[in-house]
Amino acid sequence: MKHRGAWLVWGVGVFAYMVAVTQRTSFGVAGVEATERFSATASVLSVFTVVQLLVYAGLQIPVGMLVDRFGPRLLIAAGAALMCAGQFQLAVADSVTGGIAGRSLVGAGDALTFISVLRLLPAWFPAPKVPILTQWTGIIGQLGQIASAIPFAFVLRSYGWNTAFLSGAALSVLALVLAAALIRNYPGGSRPAAAAAAAGGASLAAAWRQPGTRLGLWTHFTIQFPGTVFVLMWGYPYLVSGEEVSPATASLLMTLFVAIAILCGPWLGTWVGRHPMRRSTMVLLIAVGMAAAWLAVMLWPGPAPVWLLAVLVAMLAVGGPGSMIGFDFARTFNPSNRLGTATGIVNMGGFVASLISMYLIGLVLDVLNSGGYSNGDLYDLSSFRIALAVQFVVMGLGIAGILRSRRIVRARMAGEGLRLPPLREALARERQRRRDERQTRGSTGQDTAGRE
């Protein structure tokens with residue numbers, strides 16, 4: 001531990017991120033009220049989310065450069081201020097244009113937060129703790145979805161639109177005050193001299209030229225988007241209208257998604273800390289698992305059984321914490337002065353893939369419906385299966401990017417004299433190590449028994 005205040009600094013940062021997730025997802029539980037307030041169709045309301053995600057994704061690299069230049073404290077506070085303004089704007093807006101402006105501000109503030117919180121970790125904690133704390137940052141932050149689904153929704157139904165979104169704005173004020181008062185960029189409050197001297201030379205081009213950054217980008221691109229697409233847009237209509245499960249069962253499956261992500265996140269973080277040279281192998285295994293689960297559901301004759309849908313949801317949920325491995329690539333292959341920039345590049349990957357997939361799935365559904373294939377049912381199961389198969393193309397592109405970037409990374413490592421043994425050799429060594437440990441424990445136990 002570098003400083004006894006590290007946990008406080010991280011805790012405030014995670015709270016700010018949790019508030020950001022609450023603001024990000026609050027509009028999702030206000031769909032019925034938004035339709036009435038803005039007199040808008042469903043397709044028009046979908047623009048609110050698309051624009052919000054576009055702003056978020058488009059700001060990732062600029063935010064990464066800013067956090068390298070000014071530090072995470074300022075950006076976390078600024079993000080809270082922007083989200084406060086966005087929720088206030090949405091509270092008073094009575095037109096589609098005004099509402100989209102509010103969501104754009106929320107997207108901008110959200111974009112400032114996550115990268116900045118991750119930027120705190122290597123400054124305040126020793127390197128072995130960073131992977132597991134990265135996972136916990138994502139896990140705790142996602143509890144903001146519960147805040148929007150339960151207390152925010154209760155206020156919205158009980159006290160109305162204005163009160164609910166003004167309450168959201170007030171929550172961001174609290175995050176702003178705590179961040180400004182308690183977060184410090186570095187132990188002691190000032191940047192180390194070496195990092196300060198190098199900060200002016202931080203370069204987007206330098207971060208992109210580092211193949212480890214690109215490996216992180218393709219990691220995030222490949223295994224983050226399937227779960228995001230499922231949860232944010234197409235999962236619920238697919239389950240209810242396509243697979244014909246009840247709304248209660250669909251909600252239970254969505255809850256399972258969150259539970260699996262929470263359970264496997266710490267394990268993945270610990271595994272990455274113990275096996276840093278095998279991170280890309282884990283990423284590829286997760287990608288193959290998600291593809292296999294989707295393939296099994298799509299090839300099932302007729303609606304898939306609930307147990308198989310639960311397997312699919314569980315595999316998609318692993319992709320969220322699995323995609324955090326991309327940030328670990330950015331951390332280990334970049335110097336601290338451009339870590340924020342590299343993290344921004346990585347974080348952009350999954351959201352770009354999500355936007356592409358969301359749009360293409362909807363486009364294919366529309367084409368199939370207008371062409372008569374769906375027999376007038378936009379969400380026909382056969383049409384859904386064809387449309388969702390678009391994900392295989394996006395995932396294949398991501399896997400190709402991972403393999404290419406990994407090959408370049410390993411070639412550079414070999415040039416520096418660091419040889420990565422084949423996986424079968426590494427597994428054999430691990431089995432031998434465990435056998436030796438068991439024999440050692442057995443010998444110690446026999447010696448103790450003999451002395452007694």
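Each residue takes its place number in the sequence, starting with 1.
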Colleague: Counting only heavy atoms not in Y359, do more than 12 fall under 6.0 Å of its OH?
Modeller: no
Colleague: Within the structure provided, determine whether K129 and W136 are in side-chain contact (heavy-atom separation under 4.5 Å).
Modeller: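 No, too far: nothing below the 4.5 Å cut-off.
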Colleague: Go through the structure and list residues passing side-chain contact (heavy atoms from CB on, under 4.5 Å) with V409, not counting sequence neighbours.
Modeller: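 V409 satisfies side-chain contact (heavy atoms from CB on, under 4.5 Å) with P211, L215, F333, M413 only.
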Colleague: Indicate yes or no: does R338 engage D68 in a salt bridge with an N to O separation below 4.0 Å.
Modeller: no
Colleague: Could you pull out all residues at least two apart from P303 that satisfy side-chain contact (heavy atoms from CB on, under 4.5 Å)?
Modeller: E243, E244, L381
Colleague: Can you classify the ring geometry of Y238 versus F230 as parallel (below 30°), tilted (30 to 60°) or perpendicular (above 60°)?
Modeller: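 Rings of Y238 and F230: perpendicular, over 60°.
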Colleague: Rounded to the nearest 0.5 Å, how far does OG of S405 lie from CH2 of W218?
Modeller: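 That separation rounds to 7.5 Å.
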Colleague: Would you check if Q224 and F351 make a side-chain contact, meaning some heavy-atom pair closer than 4.5 Å?
Modeller: yes
Colleague: Hydrogens and angles aside, do Q23 and S172 bring a side-chain donor and acceptor to less than 3.5 Å of each other?
Modeller: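 Result is yes, a qualifying pair exists.
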Colleague: Return the minimal non-hydrogen interatomic distance between I286 and G319, and the atom names on each side.
Modeller: CG2-CA, 4.2 Å
Colleague: Tell me if the CH2 atom of W294 is crowded by more than 12 foreign heavy atoms within 6.0 Å.
Modeller: yes
Colleague: Under 6.0 Å between the ring centres of F114 and F327?
Modeller: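 Yes, the ring centres sit under 6.0 Å apart.
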Colleague: Kindly check if the number of other-residue, nucleotide or ligand heavy atoms within 6.0 Å of CZ (F257) is above 12?
Modeller: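 Yes, enclosed.
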Colleague: Any chance the side chains of W10 and T137 put a donor and an acceptor closer than 3.5 Å?
Modeller: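 Checked: W10/T137 side chains pair up, N/O donor to acceptor below 3.5 Å.
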Colleague: Hydrogens and angles aside, do R279 and T332 bring a side-chain donor and acceptor to less than 3.5 Å of each other?
Modeller: yes
Colleague: Could you list the residues that satisfy salt bridge (Lys or Arg N to Asp or Glu O under 4.0 Å) with R406, not counting sequence neighbours?
Modeller: none
Colleague: Any chance you could measure S167, atom OG, to F152, atom CZ, to the nearest 0.5 Å?
Modeller: 8.0 Å
